[in-house]
Amino acid sequence: MEDNKSQGTEQETGQTPEKRNFIREIIDEDLKSGKYETVHTRFPPEPNGYLHIGHAKSICLNFGTAKDYKGVCNLRFDDTNPAKEDVEYVESIQEDITWLGFDWENRLFYASDYFEKLFEYAVILIKKGKAYVDDLDADEIRQHRGTLTEPGKDSPYRNRSVEENLDLFERMRKGEFPDGSKTLRAKIDMSSPNINMRDPVMYRILHATHHRTGDKWCIYPMYDWAHGQSDSIEGITHSICTLEFEDHRPLYNWFVEQLQIFHPRQIEFARLNLTYTVMSKRRLLQLVQEKHVSGWDDPRMPTISGLRRRGYTPESIKLFADRIGVSKADSVIDVSVLEDCLRSDLNKRAQRVMAVLHPVKLVIENYPEGQVEELEAVNNPEDESMGTRKIPFSKVLYIERDDFMENPPKKYFRLSPGAEVRLRYAYIIKCTGVVKDPKTGDIAELHCTYDTETKSGSPASQRKVKGTIHWVSAQHAVDAEARVYDRLFNVPDPGGDNWKESLNPASLEVVKGCKVEPGLAAAKVQDRFQFERLGYYCVDRDSQPGNLIFNRTVTLRDTWAKINKG
RNA sequence: UGGGGCGUAGCCAAGUGGUAAGGCAGCGGCCUUUGGAGCCGCCACUCGUAGGUUCGAAUCCUGCCGCCCCAGCCA
C-alpha cells in the first residue's frame, strides 16, 4: 500500500524511519552489485506444530523485507519428515500468517512438491560421483562421523561405482529395503572440521504415509538436501534462517554449486527469546499434552493463535517485530516490550467501557427511587470519531471492591468513609456508611449521598476531587465471567530440566459474577474493549449470548499498584 | 585441544575513523472526570578486556576473556 522502505514503525512519534538492519545491508549490496535483481524471500515452516511469536518475527522479516523492496515472499512448507507432520498444522499456519496480515498470493508451496525434482538432482550428484548409497546403520554412521575434535572415517561403502549407486538408489525408492537399512549420502569430506560436511545424509528410508504424497515415497530428503534446492527452484534470492544454520551454509552452497543451479544466499539471524515464557516447539507441545494449558490457543501460550485469543492485534505484533530489530546477537526480549506494543495499539482503537469485576453494592441514599438517567460517555478519548454512548445511572450501583477502603493509607484517592469521589460520567458522591455482613464482617453494602449539582458536564462538576471510579447500574448491569490471565511462568528464564517447576500456578484466575454495562450484552467473539481503569479485555470464543466471557488481554499501566508495592 | 558465530545501559538496538540514535524498563515532575492516555526531564565521559595504529577509534590491527551453536537417518 505504501512506498517502500519507510513503513510505520514508531507510530507514536509520527516518524517512519527507514528500517535498518544487517540483512537489508546485505540486500542493498547484492542489488547494487547486480548479484540479484529482485528480492524474493520465503517463510519455510515445518508443519509439525503451531506458530509462535518467534515465527511471527521471521514472518514479519521475510514478508516485510520482500514487500519493502517490492519483491515477494513465498510460503513453503518444509514437509520432509512425515513422521512428525500433519495437515492440522498446515492449516493453522496458514490461518496465522493470514491473520497477521501477510499474503503469499499464489505462491503456496511444499518441499514435497519437489520430491521428484530432488530425486533427479540426487541422480545427477550420483553420476558426478558426488553421492553414494551407504549401508551403514545410524549407529555406525555416528561412529564413523568422528567427534568435534577428531576427524571421521570413510564408510566402507563410500567408493561404490556410479552404476551400483544408481541401481541401489533406484531400488531404495522402489521400497526394496527396510527403514534405516540404507541412506544416500553426499560424498564430501569425512575429515572436514565442519561436521555438516562429513558426508551428510541426503535421503533416509522411511515407510511412512506423508500428509500430501501419501505412500508414493518411502525415501525422504533431509533438511539440508531439500531446503537449498527448494529455495533454488523457487528463485529465492535471500534465504533467511536462524543462527543454528550458520554451520550449514557451506553445505547449502556446496549443493547448489555442484548442481550448478540458481544460487540463493542464505543469511542467518538470531531467533527471538522472550522473558517469562518458553518458545521451543518441544516444550510448547509438552504444555499442551500435559494439560498445563487448555490447548495450542490457550491465551497464556506464546503461540500466534494463543496471542490472538488473548486479544493481541496483528498490528501490535508487527510493531513489536519492528521495535526489537534484527541482529545476530543472542538476545532475550523483555515481555514488557510486547505488552507495551499491545497497549499502544489498543489504546488508540479499543472502545472504553465500564465493567466491575469484583462488585460491591453502593446505594445512593438521596437519589430518587426508581429514577434512571441516561448519561453520555465517551467511547474513546483518543479518537473522537468513535463517538459517545448512553449509560444508565440509578440509585443502586456496583463499584469495584478495591475502590473502597475503610482505613485507607495515604495517597489512596478512592472511596472511604466520609471521603468524596467522582463517579465517572455521573456525580460526585460521599460515603456515609458501611453495611457489613454480621457473620463474616465483610462489607455488604456502601451508603453514599450524591451532590445533585455535580452531574458530569455541569459547572459544579468541575470541582476537584481526588479520584474517579467506575461503576455500573445494578438493575441494568449484565453478568459476565472474566478470565484474568497472568504470565505463564514465575521466572524470567524458565530454563533447565525443571522448567515446569516455575510454571505460575496463578496464571489464570476465573472471576465470575462480574457486572458490566448493558451495551456489552451485544459484544461478539474477539471484540476488544478497554474496561476503564482495569485493562484491555476481549470476548473469548467460549462466550455465549447470556453467558459473556472476557479474557484479560493486558492490564492498564497501574501506577497505584506500583506505589502500593513499595 | 576442532569448526562456526556473538559481545554497545537492567533488556533490546542504531552506529561503518570525527567525538555514543531510538525503544522497553526504571526514576523525578506536569497534566488529567480512566492513579489510563499525554507531556517534560534524568538514566553509557564510554562501547567485553589489554595493548597498538591515528591529530582523532565503538568503528582499523594484535592478544586475551566471556557467551551461544554444531557429533539426528530432526528441522
Side-chain angles (χ1 to χ4, degrees), chain A residues 9-10 12-13 15 17 20-21 25 44-46 48 78 80-81 83-84 134 136-138 141-142 145-152 179-185 192-198 201-206 220 222-224 226-227 241-250 268 270 275 281 322-341 343-344 347-348 352 354 378 381-382 411-414 422-426 428 454 456-457 461-462 464-470 492 530-535 555-564:
Chain A
T9 46
E10 297 303 320
E12 48 281 89
T13 65
Q15 301 282 326
R20 286 317 316 168
N21 60 52
E25 276 174 30
E46 182 188 13
N48 69 343
D78 221 328
T80 57
N81 187 358
K84 291 185 176 171
D134 196 352
L136 258 27
D137 65 26
I141 285 183
R142 189 180 326 117
R145 187 154 31 223
T147 68
L148 295 179
T149 52
E150 303 162 66
D179 286 2
S181 61
K182 284 181 167 49
T183 57
L184 182 75
R185 294 229 257 166
S192 172
N194 181 345
I195 292 183
N196 295 298
M197 300 299 272
R198 319 239 262 230
V201 172
M202 295 167 61
Y203 278 95
R204 75 281 215 185
I205 299 173
L206 222 53
Y220 291 94
M222 299 287 290
Y223 167 85
D224 286 307
H227 202 93
C241 62
T242 43
L243 249 30
E244 67 271 27
F245 293 104
E246 209 151 17
D247 287 344
H248 296 239
R249 193 171 60 223
E268 312 83 15
T275 56
K281 280 188 183 178
D322 285 343
R323 278 196 189 170
I324 60 178
V326 184
S327 77
K328 297 189 69 161
D330 288 317
S331 62
V332 184
I333 308 289
D334 197 307
V335 71
S336 68
V337 178
L338 215 209
E339 292 174 345
D340 186 75
C341 292
R343 290 192 185 100
S344 118
N347 177 48
K348 285 174 301 193
R352 271 57 169 176
M354 294 205 281
V378 173
E382 306 295 317
K411 292 179 106 174
Y412 184 79
F413 298 165
R414 285 111 93 153
R422 184 191 307 278
L423 290 177
R424 172 138 247 230
Y425 297 125
I428 292 172
T454 58
S456 184
S461 75
Q462 305 302 310
K464 294 291 176 206
V465 184
K466 266 202 211 152
T468 299
I469 65 173
H470 61 278
Q530 183 196 101
F531 288 0
E532 291 213 35
R533 302 208 306 132
L534 298 177
T555 61
L556 252 25
R557 230 183 241 107
D558 187 350
T559 44
W560 167 246
K562 209 176 280 178
I563 291 167
N564 226 2

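Reminder, nothing fancy here: chain letters follow the sequence lines and each chain counts from 1. Since the model is a prediction, treat every value here as computed from it, not as a measurement.
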Which nucleotide, in any strand shown, forms a Watson-Crick or G-U wobble pair with B:C60, with both distances under 3.5 Å?
B:G52
With heavy atoms under 4.0 Å as the rule, sort A:T149 into base, sugar-phosphate or nothing.
base
Would you say a side-chain N or O of A:K328 is under 4.0 Å from OP1 or OP2 of B:C68?
no
Roughly how many Å is it from CZ in A:R323 to P in B:C11, rounded to a whole number?
19 Å
Name the pairing partner of B:G7, where a pair is Watson-Crick or G-U wobble with both distances under 3.5 Å, or state none.
B:C65
Kindly say if A:S327 contacts the phosphate of B:A13, meaning a side-chain N or O under 4.0 Å from OP1 or OP2.
yes
Does B:G38 have a Watson-Crick or wobble mate here (both distances under 3.5 Å), and if so which one?
B:C30
When you measure only distances, ignoring hydrogens and angles, does the side chain of A:D247 come within 3.5 Å of the base of B:G3 through a donor and an acceptor?
yes
For A:N21 and B:U16, give me the distance from atom CG to atom P, rounded to whole Å.
16 Å
Roughly, in whole Å, what's the span from CD in A:E382 to P in B:C39?
10 Å
Can you tell me the distance, in whole Å, between the CD atom of A:E244 and the P atom of B:G72?
16 Å
Given the structure, check if the side chain of A:R557 and the base of B:G35 hold any donor-acceptor pair shorter than 3.5 Å.
no
Under 4.0 Å between a side-chain N or O of A:T147 and OP1 or OP2 of B:G2?
no
Is there a donor-acceptor contact under 3.5 Å linking the side chains of A:N194 and A:S192?
no
Partner nucleotide of B:A14 by Watson-Crick or wobble geometry (both distances under 3.5 Å):
none
Taking only side-chain N and O atoms of A:K464, does any of them lie within less than 4.0 angstrom of OP1 or OP2 on B:U33?
yes
Taking pairing as Watson-Crick or G-U wobble with both contacts under 3.5 Å, can you name the mate of B:G2, or confirm there isn't one?
B:C70
Atom-to-atom span, CD of A:E532 to C1' of B:U33 - whole angstrom
9 Å
A:R343 side chain near B:G36 phosphate (N/O to OP1/OP2, under 4.0 Å)
no
